[in-house]
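In what follows, chains carry the letters A, B, and so on, assigned in the order in which the sequence lines appear, proteins first and then strands, with residues in each chain numbered from 1.
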Number of protein chains: 2
Amino acid sequence: MSGYKIGALAERTRTSAPTIRYYEQIGLLRRPDRQEGNQRRYGDDDVHRLTFIRRCREFGFSIDQVRTLASLVQDRTRSCTEARDIAQAHLAEVRAKLRELMALEVSISAFVATCDAKCVGGPGPDCVSLDELSMSNSGKTTPGCNADPGIAA
Amino acid sequence: MSGYKIGALAERTRTSAPTIRYYEQIGLLRRPDRQEGNQRRYGDDDVHRLTFIRRCREFGFSIDQVRTLASLVQDRTRSCTEARDIAQAHLAEVRAKLRELMALEVSISAFVATCDAKCVGGPGPDCVSLDELSMSNSGKTTPGCNADPGIAA
DNA sequence: CTTGAACCTCAAGTGGCTTTAACTCGTATG
DNA sequence: CATACGAGTTAAAGCCACTTGAGGTTCAAG
């Protein structure tokens with residue numbers, strides 16, 4: 001009657017069963033009661049907590065950050081400002097990665113454009129686009145790109 | 001006289017020595033000659049190839065993609081169009097991730113704003129921002145956010 | 001000759017799961 | 001009642017692209 005099996009919990013939270021077991025293993029989810037036959041049984045509490053966890057993960061928070069955020073939900077005496085600080089730190093990371101990717105977009109689309117311009121008649125030994133990538137020239141990367149892409153994802 | 005030791009190669013290509021050994025191990029770099037005493041000796045060819053590899057990696061190409069791109073540099077009969085195709089595929093990935101991150105930025109900054117608005121006087125039991133994340137409501141995520149963030153990085 | 005930095009190899013750790021293998025359990029049908 | 005099948009169980013390995021650590025050797029300077 002009451003209680004979901006792992007498959008039901010997975011479906012409700014758009015998670016996979018192995019992921020749920022993994023979260024249990026790393027202590028992110030509690031170890032649930034077992035029914036006869038050793039199968040896990042979950043309740044609505046678990047649905048809520050896992051929904052929360054998955055949503056945080058979708059937002060790109062690390063497991064460790066999620067761990068902290070989840071503990072804040074429990075402890076109402078801290079909560080909001082601390083959560084905001086974590087979210088703000090994460091926001092800074094997201095924005096940094098965003099800048100990186102935008103620079104990357106410029107570089108790679110420039111590379112593609114160069115290829116198209118120089119090799120119109122198909123492949124040939126005159127192609128220089130690739131060679132330019134192995135030149136240790138002064139900071140300039142792909143022709144037309146002046147952004148430093150930094151370290152990519 | 002001629003030949004760089006691994007540290008010199010690392011410095012010239014802004015790589016670490018372990019990474020160079022790792023690239024050798026996975027067959028991305030050739031196995032270099034050894035001097036007396038078993039230390040690796042590299043030449044300018046290696047500097048060029050590794051520069052190329054690192055630049056591709058900075059552009060976010062996977063090791064496998066780099067492997068192909070590097071082989072294209074060797075084989076001039078294919079080269080340009082094939083390289084462009086790889087770059088174009090990668091560009092599509094970068095743009096997809098870019099869209100994801102932009103949606104994420106909106107969601108998280110909305111969350112931070114909610115925290116700031118609702119918990120002006122410091123932490124308290126009235127904070128609801130966190131709770132909203134565990135509600136299994138209809139598609140809406142963080143208040144003020146109507147984008148589907150999808151799967152994060 | 002001694003020191004200490006740089007080199008060597010091999011193995012394990014990182015994050016966040018996914019996949020595989022080999023097993024048991026629960027239920028529906030013949 | 002036998003059996004087939006899906007869903008559950010565990011433990012361990014695999015993924016990516018490195019990084020880190022342990023423990024030993026070589027090289028160049030003083």
* Which of the following nucleotides, dG16(C), dT18(C), dT20(D), is nearest to the side chain of Ser62(A)? -> dG16(C)

* Which nucleotide in the list dT10(D), dC8(C), dG26(C) gets nearest to the side chain of Asn38(B)? -> dC8(C)

* Structure fact -> Of dT19(D), dC18(D), dG16(C), the nucleotide closest to the side chain of Tyr23(B) is dC18(D)

* Rounding to a whole Å, what distance do you find between Arg21(A):CZ and dA7(D):P? -> 12 Å

* Candidate list Tyr23(B), Phe59(B), Phe61(B), test side-chain contact (heavy atoms from CB on, under 4.5 Å), partner Val66(B), passing option -> Phe61(B)

* Just compare dT20(D), dT18(C), dC17(C) and give me whichever is closest to any side-chain atom of Pro18(B). => dT20(D)

* Asked: In whole angstrom, what separates Gln65(B)'s CD from dA17(D)'s P?
  -> 9 Å

* Asked: Any idea which of dT9(C), dC18(D), dT9(D) is nearest the Arg40(B) side chain?
  -> dT9(C)

* Check: Asp44(A)/Tyr4(A) side-chain N/O donor and acceptor closer than 3.5 Å -> yes

* Asked: Reckon Ser16(B) has a side-chain N or O less than 4.0 Å from the OP1 or OP2 of dT19(D)?
  -> yes

* Could you please name the option among dC18(D), dG8(D), dC8(C) that lies closest to any side-chain atom of Arg54(B)? => dC18(D)

* Structure fact -> Ranking Lys5(A) and Lys5(B) by the position along DNA chain D of their nearest nucleotide, the one closer to 5' is Lys5(A)

* **Under 4.0 angstrom between Arg34(B) side-chain N/O and dT25(D) OP1 or OP2** => no

* Structure fact -> Winner on side-chain proximity to Gln39(B), out of dC8(C), dT9(D), dT19(D), is dC8(C)

* Check ion pair Arg30(A)-Asp46(A) (N to O, under 4.0 angstrom) -> yes

* Would you call Arg40(A) and Glu24(A) a salt bridge, using N to O less than 4.0 angstrom? -> yes

* Are side-chain N/O atoms of Thr19(A) and Ser16(A) paired as donor and acceptor at under 3.5 Å? -> yes

* **Nearest-neighbour nucleotide for the Tyr22(B) side chain, dC18(D), dT10(D), dG16(C) considered** => dC18(D)

* Pick base, sugar-phosphate or nothing for Gln25(A), based on heavy-atom distances below 4.0 Å to the nucleic acid. => nothing

* Atom CD of Glu11(B) and atom P of dA5(C): how far apart are they, to the nearest Å? -> 16 Å

* Asked: Is Arg57(A) near enough to dC17(C) that one of its side-chain N or O atoms lies under 4.0 angstrom from OP1 or OP2?
  -> yes

